[in-house]
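Numbering starts at 1 and runs along the sequence shown.
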Amino acid sequence: MSTTGATADPLSALGALPGVAESVESVRKAVDRVYGHRVMRRRSNEITSEAALRGARGSAALSGADWALEEVRRRTDFGVDAETRAMGAALRLTAEAGQLLSIWRQSPLRVLARLHLVAAAGAAEQVGRPRQAGEPVDEPLIELPLPDAGEVSGRLEGLADLIIAGTSAPALVTAAVVHGELLALRPFVSYNGLVARAAERIVLIGSGLDPKAVCPAEVGHAELGRASYLAALEGYVSGTPEGMAAWIAHCGRAVELGVRESTAVCEALQRGAA
């Protein structure tokens, strides 16, 4: 993982990068606003369910399955072709993420393996474990250089150690690093983007920033667009302070757009229109 400085808490060090504190504060204010909405006091379960559906739709869109929301609601078959499989995987991952919160801080690698198993929904030997030397990766929308299996193993262990040790870094910073590291490594033979965004979701919820899961960052990532997503990821992979800060800010903006989406749902429910 690219960090700045050899500190005991490198994630916290990233929080000191220029502009990151402003992103963190902006996200916190946005989250507080939606949690303070009067509809959240009475119908938060409905907002959570809707956020999950919209988050899954956004994550799938970034993996090549850009469906209208009503199509996602309507469909029940998710195994015909690559697009429908991606959508089904996104829906399964969103549902599964909430079941893994208690395990994440103790065993993040176990959680990541479980996420891949859920996404792939198969029993192939390569499913549910990091890829081995020589195994190809099916992730056509991310064209960055692919680290070899040895580097993947070492960096995954390093990421897991950071999570288990704990950090004073803001939730946004931790979530962005987990997300970026998984995209950079592409540790599985398939569905790495979906797994990375599900892991980001787990961090945001489990950290207490979004305990009711009503701020779907996946919506924001999709709204910002694939080109912006990949450009920000290149900043993360560069390891430069500017690149890392830009990636964290991008993730922050995605959370804010997810907040805006759920706020619109709250407003619709309040008007009786949803």
Run Tyr191 and Ser63 through side chain to side chain contact (heavy atoms under 4.5 Å, CB included) and show every step you take.
CA-CA 8 Å; Tyr191 297 113; Ser63 288; over 6 Å; no

Take Leu204 and Glu200, measure what side chain to side chain contact (heavy atoms under 4.5 Å, CB included) needs, and give me the verdict at the end.
CA-CA 6 Å; Leu204 293 172; Glu200 178 187 50; 4.1 Å; yes

Yes or no on side chain to side chain contact (heavy atoms under 4.5 Å, CB included) for His179 and His221, after CA distance, side-chain angles and deciding distance?
CA-CA 12 Å; His179 185 172; His221 286 303; 3.4 Å; yes

List the steps, then state whether side chain to side chain contact (heavy atoms under 4.5 Å, CB included) holds for Leu230 with Leu144.
CA-CA 9 Å; Leu230 295 178; Leu144 294 170; over 6 Å; no

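Between the side chains of Glu181 and Tyr236, at least one donor N or O lies within less than 3.5 Å of an accepting N or O. Glu83 and Trp67 share a donor-acceptor pair across their side chains, judged by distance under 3.5 Å alone. For Ser168 and Ser12, the side-chain atoms include at least one donor-acceptor pair closer than 3.5 Å.
For the pair Glu261 and Glu50, the minimum side-chain heavy-atom distance is 4.5 Å or more. Between Leu11 and Leu162, some side-chain heavy-atom pair lies under the 4.5 Å cut-off. With a 4.5 Å cut-off on side-chain heavy atoms, Val72 and Met87 count as touching. Val173 places a side-chain heavy atom less than 4.5 Å from the side chain of Pro170. In this structure the side chain of Ile164 never reaches within 4.5 angstrom of the side chain of Arg105, judged on heavy atoms. Proximity of Lys212 to Ile205: side-chain heavy atoms (C-beta onward) are nowhere separated by under 4.5 Å. Between His37 and Ile47, every side-chain heavy-atom pair lies at or beyond the 4.5 Å cut-off. Residues Leu115 and Phe188 fail the side-chain proximity criterion, which asks for heavy atoms closer than 4.5 Å.
With Arg129 contributing its side chain and Val127 its backbone, the two residues share no donor-acceptor pair below 3.5 Å. A distance-only check finds no donor-acceptor pair linking the side chain of Ser238 to the backbone of Gly243 [under 3.5 Å]. Not a single donor-acceptor pair under 3.5 Å links the side chain of Arg54 to the backbone N or O of Ala51. At least one donor-acceptor pair closer than 3.5 Å links the side chain of Thr48 to the backbone N or O of Ser44. A donor-acceptor contact shorter than 3.5 Å is absent between the side chain of Ser59 and the backbone of Gly55. For Ser26 (side chain) and Ser23 (main-chain N/O), no donor-acceptor pair under 3.5 Å exists by modelled atom type. With hydrogens and angles disregarded, no donor-acceptor distance shorter than 3.5 Å links the side chain of Arg197 to the backbone of Glu218. Between the side chain of Arg110 and the backbone N or O of Gln106 there is no donor-acceptor pair closer than 3.5 Å. Thr263 places a side-chain N or O within donor-acceptor distance of the main-chain N or O of Val259, the cut-off being under 3.5 Å. Side-chain atoms of Glu135 come within 3.5 Å of backbone atoms of Gln132 as a donor-acceptor pair (strictly under, hydrogens ignored).
By the 6.0 Å contact criterion, CZ on Arg75 is enclosed, its count of non-hydrogen atoms from other residues, nucleotides or ligands being greater than 12. For CZ of Arg38, the number of neighbouring non-hydrogen atoms (other residues, nucleotides, ligands) closer than 6.0 Å is 12 at most.
Closest approach of Ala160 and Leu109 over heavy atoms only: CB-CG, 3.7 Å.
Between atom NZ of residue Lys29 and atom CZ of residue Arg33 there is a gap of 8.5 Å, rounded to the nearest 0.5 Å. Note that the CG atom of Leu182 and the CZ atom of Arg155 stand 10.0 Å from one another [nearest 0.5 Å]. Of the inter-residue distances, the one linking Glu267 atom CD with Gln270 atom CD reads 5.5 Å to the nearest 0.5 angstrom. Atom CG of Leu257 sits about 4.5 Å away from atom CD of Glu223, to the nearest 0.5 Å. Between the CG atom of Leu93 and the CG atom of Leu194 there is a distance of 6.0 Å, given to the nearest 0.5 Å.
In this structure, Tyr229 and His250 have tilted ring planes: the angle between them lies in the 30° to 60° band.
Using a 4.0 Å cut-off between a side-chain N of Lys or Arg and a carboxylate O of Asp or Glu, Arg73 and Glu70 qualify as a salt bridge. Ion pairing of Asp210 with Arg201 is absent here, as no side-chain N (NZ or NE/NH1/NH2) approaches a carboxylate O to less than 4.0 Å. Here Arg85 does not pair with Asp81 in a salt bridge; the nearest charged N to carboxylate O distance is not below 4.0 Å. Ion pairing between Glu256 and Arg260 fails under the 4.0 Å rule for side-chain N and carboxylate O. Glu71 and Arg74 are joined by a salt bridge, as a carboxylate oxygen and a charged side-chain nitrogen come within less than 4.0 angstrom of each other.
Shown are Leu159, Leu156, Asn192, Val237; of these, the side-chain contact (heavy atoms from CB on, under 4.5 Å) with Leu185 is made only by Leu156. Shown are Glu139, Gln126, His116; of these, the side-chain hydrogen bond (donor to acceptor under 3.5 Å, both in side chains) with Ser190 is made only by His116.
Under the 4.5 Å side-chain heavy-atom criterion for ILVMFWY residues, no single connected hydrophobic cluster contains both Val219 and Met40. A chain of hydrophobic side-chain contacts below 4.5 Å, direct or via other Ile, Leu, Val, Met, Phe, Trp or Tyr residues, connects Val265 to Val39. In the hydrophobic clustering of ILVMFWY residues, with side-chain heavy atoms under 4.5 Å counting as a link, Leu183 and Val255 come out together.
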